[in-house]
2 protein chains.
Amino acid sequence: MLLKVGELAKRTGLTVRALHHYDDIGLLTPSARSDSGYRLYNGDDVTRLYRIQALQRLGFALAEIGDMLAGSGPALPGLIAQQIAALDGQIEQALVLRARLQQLQRRLATDTEPTLADWLTALELMTMYEKYLTQQQADILRQRKAELGEQYDADWRALTDRVRALIDAKVPAQSAEAQALAQQWTSHTQRLVHGDEDLLIKLDTMQRHEPALQSHNGIDAAVIDYVSQAMTEARLPIYAKYFDADEVERLRGNFRRHMPEWPTLVGAVRRAMDSGLAPDHPEAQALGARWQALSHATFCTDEPAMRGKFMQAVKSEPDLLLNTGIDRALLDFVIATQSH
Amino acid sequence: MLLKVGELAKRTGLTVRALHHYDDIGLLTPSARSDSGYRLYNGDDVTRLYRIQALQRLGFALAEIGDMLAGSGPALPGLIAQQIAALDGQIEQALVLRARLQQLQRRLATDTEPTLADWLTALELMTMYEKYLTQQQADILRQRKAELGEQYDADWRALTDRVRALIDAKVPAQSAEAQALAQQWTSHTQRLVHGDEDLLIKLDTMQRHEPALQSHNGIDAAVIDYVSQAMTEARLPIYAKYFDADEVERLRGNFRRHMPEWPTLVGAVRRAMDSGLAPDHPEAQALGARWQALSHATFCTDEPAMRGKFMQAVKSEPDLLLNTGIDRALLDFVIATQSH
DNA sequence: GGTGGAGCCTCACGTCGCGTGAGGGTCAAG
DNA sequence: CTTGACCCTCACGCGACGTGAGGCTCCACC
């Protein structure tokens, strides 16, 4: 019994166009044509089509189905496992998306009629939080921001403007004004992070890597660099407890030149850690070498005397690592790269 | 500050090609071009791009994003709800697919190295079960089939072959041979369904509507029709308890002509019921009218005397509805269409 | 034998969000 | 003056068909 396309289409619930397509791509070629060129499908064709449909309902692509029916290609169990894995990925993605949308929906319901612009800004912030913070941290931040109110943002803007003014006026970072601002900067930050060093590091990373955020709150690379320079200067009195005056002057000079290179390196190391890179991996080794070189240049750790005093200082003064993005885990990682 | 494509791309994590694409479709047109034709993006462009990205991360299509940013189109809350609904659909679909694949995986693990052909046959059956039966029913069926073993399938094939032989030999359905086969047919069916009328109806529907199944087990429309004719004939003795001999002969003649039309109508009514059609909907009304006309033609229910006897018979003999695909709910639906 | 309608044929473009060249200008550094 | 990085504009490709356009075939009915 030979079927024409329309008949086969009716029998299988497909469209005529789909059957044409299968013919085009060679997935199901009718075994015969009538004199007038009509496609004629025999029983074997029909059987093949049923199988095609069955495999299609499992989510396989037409090309894959073709391979499977040709007996070539990888074995079925593997394909199925692969298919399941792909589906799991899809499902997870969809669930994440769904959660995002729902959160947004809730906030839309509570907020007092936000404008489109507000709304989009909130949205951007949300996706950024999601990228850099854990769910918990994002929740904490949102709550604290709500508690602090709009005045807090205004304070930041004022502070940032004053920093920028100092930069424009070329006031050096070790000036009293700069020191005072850096002081305020730290206390403002603490109002948000409440001493949570991990949160602080992540926010710092976010601020450094998200131009969208930078243009939103005006805290760009220049401001960040200036403030961290000032903070660095603020650390010099602490070093003075361990080094003599000449050495402190050397350190100051080194800091001026090399401190701006640290955040980049610290960020690179942290990314390496987070991506699970092994300390003996060549890339990690390279980072370790960079770290050592920069240490030498900044703290003169290539000179045994200086190195000893430096180690002593760092060990005795945990505050020296504050606001640097460096924590115990990161230091351990770096040490591990160098012990290989 | 004006950015070139590459710079903007780096800042946003997009590719240059994507930005070209946004320009092509008018989603993000750079506010300026350099003399040499380079795209130049200003701050507003960058802001717009951040918003585009934020909305994209929510799963909106570029065209939708364009509409949203243009302020036209429907309001955001509605769009979000819609988006969530769409996602829910996707997730559900993916979960169903996943379940299918896992079931298959389990069976692949237990079965003794099936050939590709066996495997695909099982797959077809599985998807068919899924389409017509509830999960429970499918499980029950699978278990019973496993208990009955291969002999059961062989019995069916033998029975079907004998039916086909009668058809080819043009042996009438009221013959003793046909009656005997119909008898066996029923008992064979019962070995599988164990008196579950709902399951029986669904299997019947499946067998009638799935050419794949028909060509698989050889039970096609001709066989079904012949067997149901024989079953119909088998019912005549029951009617004889309520009608006199002449009337029974009239019924026999009517049955011969009109009984084959019933399954189609019953199927149509059931689909209408299942799709939640209201009995006073025009389409339901039309079905009711068809039902009445076919009743008149088959059972002479337009003649008051015949109608009375018929109602009496149906009420007293529930067996008359056996194997017809008609149950109480369906009758109620039909009656409801006619009371409007 | 003509006509009408259903069904068949073969192009061929559109979908969606870009990837991936091809072929050729622009710009700053050496 | 070259080199290399970056930019430009086409334009095809993907996947599974949908949707015509323009024309042929078949069958029933007049």
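Keep in mind that the numbers below use all heavy atoms, side chains included, and drop hydrogens, waters and symmetry copies.
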- Message: So, taking the atom named CG in A:L27 and the one named CD1 in A:I52, what distance separates them when rounded to the nearest 0.5 Å?
- Response: 3.5 Å
Can you tabulate the close N/O pairs, meaning under 3.5 Å, that link protein atoms to atoms of nucleotides 11-16 of chain D?
{"unit_1": "D:dA16", "atom_1": "OP1", "unit_2": "A:L62", "atom_2": "N", "d": "3.2"}

- Query: Within a reach of under 6.0 Å around CD of B:E92, are more than 12 heavy atoms found that belong to other residues, nucleotides or ligands?
  - Reply: no
- Item | Spatial distance of atom CZ (A:R98) from atom CG (B:L87) [nearest 0.5 Å] | 8.0 Å
- For DNA chain C, which nucleotides open and close the run of contacts to chain A, 5' to 3', at under 4.0 angstrom from a non-hydrogen atom? C:dG7 to C:dA12
- Query: Between B:A18 and A:E7, which is nearer to the 5' end of DNA chain C once each is assigned its nearest nucleotide?
  - Reply: A:E7
- Sorted by chain and residue number, the side-chain contact (heavy atoms from CB on, under 4.5 Å) partners of A:T29 (sequence neighbours excluded) come out as A:D23
- 5′-ward residue of the pair A:T15/B:K10 relative to DNA chain D: B:K10
- Query: Short question: side chain of B:D45, backbone of B:N42 - any donor-acceptor pair under 3.5 Å?
  - Reply: yes
- Task: For B:L8 and D:dC6, give me the distance from atom CG to atom C1', rounded to whole Å.
- Result: 15 Å
- Item | B:Q93, CD: over 12 other non-hydrogen atoms inside 6.0 angstrom | no
- Contact check, residues 29-46 of chain A vs DNA chain D, heavy-atom distance under 4.0 Å, returns A:S36, A:Y38
- Task: Specify the angle, to 10°, made by the local axes at the two ends of the helix from C:dG1-D:dC30 to C:dG30-D:dC1 when five pairs are taken at each end.
- Result: 40°
- Inter-residue atom distance B:S215.OG - A:M1.CE, 0.5 Å rounding: 10.0 Å
- In whole angstrom, give the distance that lies between atom CG of B:L19 and atom P of D:dC7. 10 Å
- Task: Spell out, as yes or no, whether a donor-acceptor pair under 3.5 Å connects the side chain of A:Y132 to the backbone of A:M206.
- Result: no
- Message: Just so I know, are the side chains of B:V223 and B:Q214 near enough to count as touching, which here means a heavy-atom distance under 4.5 Å?
- Response: no
- Message: Test: salt bridge (charged side-chain N to carboxylate O under 4.0 Å, His left out). Region: residues 209-223 of chain B. Which pairs qualify, not counting sequence neighbours?
- Response: B:K131-B:E210, B:R164-B:D220
- Check the surroundings of atom NE2 in B:H216: do more than 12 heavy atoms from other residues, nucleotides or ligands lie under 6.0 Å from it? no
- Query: Roughly how far apart are A:R51 CZ and A:L28 CG, rounded to 0.5 Å?
  - Reply: 12.5 Å
- Task: Could you tell me the separation between the OH atom of B:Y129 and the NZ atom of B:K202, rounded to the nearest 0.5 Å?
- Result: 14.0 Å
